[in-house]
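Accompanying notes for the structure given below.
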Amino acid sequence: MAKNLAWRISLILIFIFLSFLYLTPTVCTTLPSWWTGVLPKDKIHLGLDLQGGTHLVMEVETQKAIEGTLDLIASDLEDVLNSKNIRFKRVARIGTDLVQITLFDKGSAEDVQRQVKNKYPELEQLAPVDDGGFVSLQLRMDQNAVRDRKDKTVAQALETIRNRIDQFGVSEPLIQREGVNHIVVQLPGIKDPKRAIELIGKTARLEFKLVDESVNASAATPGTIPEDDEILMERISNPSTGAVSDIPIVVKKKAIITGDLLTDAQVRIDSQFNQPYVGIEFNATGARLFDQVTAANVGKRFAIVLDNTVYSAPVIRERISGGSAQISGSYGEKEAADLAIVLRAGSLPAPVKVVQNVTVGPSIGQDSIHKGLLAGATGVALVVIFMAIYYRLAGFVANFGMVLNILYLMGALAALGATLTLPGIAAIVLLVGMSVDSNVLIFERIKEEIRLGRTPRMSIDSGYDKAFMTIMDSHVTTLITAAVLFQFGTGPVKGFAVSLSLGIIINLFTSLVATKVIFDSFLRRVDVKKLSI
Amino acid sequence: MQLIKKTNIDFIGKRKISFVISAIIAIIGVIGIVQIARNAANMGIDFSGGTSVQLNFNQPVPIDKARLVLANNNLKEANLQEVKDTNRLLIKVGKTTLASGNVAETIKGVFTKEFPENAFIVESSTEIGPSIGDKLKQDTLIAVGISLLGIILYIAWRFDFKFGVGATLATLHDVLAMVAVFYLLNKEINLLFVTAVLTIAGYSLTDTVVVFDRIRENLHKKLSEPLTDVFNGSINEVLSRTVITSLTTFLAAISLLLFGGEVIHDFAFALVVGIIVATYSSIFIASPIVIELEIRKSDSNNKMTCLESNE
């Protein structure tokens, strides 16, 4: 018995020590220099509802990535067929998962099929169909390949977003994948959420396209321009009035150089007009291409296109070697800085859209903390006073168990690096009420035993024993709901579930072991005739 | 100290009254749930999708004027709420009001333009796409379903089927009662409310389980006593525990309600309502349902098979 007691006491003390150890990084803002190595560094994070910030859920439009891949395959096949001197009418993507090659006669179909098989063995070839005098050959992307591609797209988008946020500079951002095509981004304490959303959400697909000067842009409609052309809008702002207008410009569909060939992008200031611009550097391949293209097209215009908007369309005055260029346009310094970031971090593999945006201002967060703490303190005080009055000395034991419960819970939250949300605080306050419940159950049992005429020690032992199963049953039922809440909840609700379930598990220990230890060690020393309960 | 002396209240005998009261509450709750399913209740934007913006102004803003100003800017369906005793304005807009563009930005723009002398800060802004809202609603239904199922299975395993039915109906009753109160008061049904409901479901079961545990214990001890007496006696024996626990939890929840701030005001209110209802149902609903089932069964079998409580 005595040995058993010593063992239990040391267990309680070890847990107290561990709780304080894990809570140190949370309580101390600056850790001493010797606090290294195995010592815990995780702390309790404040949820966005408490410290302010932005919670975003972005949906990656993965279908667009598939279409992009198919477009690339189509344009590549065009080159292959051209280089093999096979005549064809057109190669284009059809719908969401097909590439269609339209040929003039059946004879060349076999040849084409062989070429396709050679180059893209993973594409499923459908049988050639007669199509109004032409022969059309359809290639389909395998469903597994589609799924795989979509999965990679989301993973890549996540990486790109992480890169951008890192360069933007946000402390403790959280970026994680959720479900099939959602990415959750949390930016605590951010001042300018609108700017951040624009930065994160920009696809940033940079393309250099030749301007088709043979078409009159102002009169062009999608029906009248050549098939390999497209109409884009150029943003032009009037420097004197500041008014922005969109002017149509007809460019070749096919991009000559794309943003993936960049190595660097920096904001510079134009010394002549005192205007910011973004200077970009190409890698070796990009530099060679740029050199070739500018050499071949001197005197023509070159459109610099970002996400299908033309930033500028300068005339190529001379061959540009060395692999650097500049993107000037109508933007301010902040926009230029953000443009440089997105170009450096790379483009998103598919467009993303914001499907959920929760922004909490810092003032309301502060307010919530204060009120949450006030409510918590009041709740604890009320319960402590009630228990002390109602159960007298035994009430103090229950209160001790409750304080221990909160301390252990905070320690556990810190050890897990959990996030404390306002509902999380509510869960802790609620737990205060519920944690004394176990002791109430036990005490009421003890009272009954005393009424039956048992000695104090016997009453306590059998009170704890008889209440045990009831306490287990009640804890398990609450745990079931907490676990389900954790599984399905997001953000604040998850925080609530974490606090609640941890608290309940810890409560089993504090109410069944910790409070019993006090009774036992007290009764061992003193021969109690009557319990203060 | 003893708040409740040894009592001998005939809870089971009053079951007709409590059943009628609870049936009325449950019917209102069912209506509320139907309305929620039809999106006709006061749905939070986390379920319905849309935008909500909370602005804190320097000076009071007449709510009628604010409404008019928004209506003039294509935001006719905006729902405005004043936060009591402050210059705060909560503006909610459904998902389909503006054809395009950022609703939150539009709202900010409108107030900056129309009330130039009354500066404000944006305290919070939430935008939720319709796809997320639907998914959340679906996930929530699954969550509520799974947790109720898990609880029934656990109780059915620990006690027996009739107790499982009693516990489930009592829990369901509490859920319906909370929905009924929120529906009648036109309070917002959002994710926090669902969280509160699930918490209370767990809490209510705890209460019920404690009573059931005692009934089971007494069924073994007092084999010769009539069933009704055993049930009544058990409820009376644990009455002081039930009341005290409810009281401590209630104290904690009421301090959340009074001091927790407006963000969790409704959440705390739901908890307070839930605690009261859960306490009532564990005494007046759960055990009487078990008795009712037992009596019907023994009427048809003409013997008291109920005493073979299987453990």
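Just so it is clear: chains get the letters A, B, ... in the order the sequence lines come, proteins before strands, and each one is counted from 1.
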Greatest number of non-hydrogen atom pairs under 4.5 angstrom with chain A, of Thr206(B), Val122(B), Val194(B), Ile155(B), falls to Thr206(B)

Rounding to 0.5 Å, atoms CG (Leu48(A)) and CG (Leu56(A)) come to a distance of 9.5 Å

Cut-off 4.5 Å, heavy atoms of chain B, and the answer for Met402(A) is neither

The interface call for Lys194(A) against chain B, heavy-atom contacts under 4.5 Å, is side chain

Taken in chain and number order and not counting sequence neighbours, the residues that satisfy salt bridge (charged side-chain N to carboxylate O under 4.0 Å, His left out) with Arg214(B) are Glu448(A), Glu237(B)

Highest number of heavy-atom pairs under 4.5 Å with chain B among Val476(A), Asn357(A), Thr378(A) belongs to Asn357(A)

By side chain to side chain donor-acceptor pair (under 3.5 Å), Ser234(B) pairs with (sequence neighbours left out) Asn218(B)

Chain B shares the most heavy-atom pairs under 4.5 Å, among Met469(A), His475(A), Glu59(A), Arg445(A), with Arg445(A)

Notebook entry, point to check: With a cut-off of under 6.0 Å to the ring centre and 45° to the axis, is Arg216(B) in cation-pi contact with Phe163(B)?
Noted result: no

Just checking, is any N or O donor in the side chain of Asp174(B) or Tyr203(B) under 3.5 Å from an acceptor N or O on the other one? no

Counting heavy-atom pairs under 4.5 Å with chain B, the top scorer among Asp367(A), Val380(A), Leu382(A) is Leu382(A)

Pair count under 4.5 Å, heavy atoms only, with chain A: among Leu258(B), Leu205(B), Leu256(B), Val209(B), highest is Leu256(B)

Check your understanding: Can a donor-acceptor pair be found between the side chains of Thr515(A) and Tyr464(A) at a distance below 3.5 Å?
Key -> yes

### Query
Donor-acceptor pair, Thr245(B) side chain versus Thr242(B) backbone, under 3.5 Å?
no

Ranked by heavy-atom pairs below 4.5 Å to chain A, first place among Ser124(B), Ala252(B), Ser125(B), Gly261(B) goes to Ser125(B)

Honestly, the part of Val436(A) sitting under 4.5 Å from a heavy atom of chain B is side chain

Would Phe111(B) and Phe57(B) count as a ring pair (Phe, Tyr, Trp, His ring centres under 6.0 Å) here? Give the steps. CA-CA 10 Å; Phe111(B) 280 101; Phe57(B) 290 88; 5.5 Å; yes

Highest number of heavy-atom pairs under 4.5 Å with chain B among Thr54(A), Ile480(A), Asn439(A), Leu479(A) belongs to Ile480(A)

Honestly, the part of Leu271(B) sitting under 4.5 Å from a heavy atom of chain A is side chain

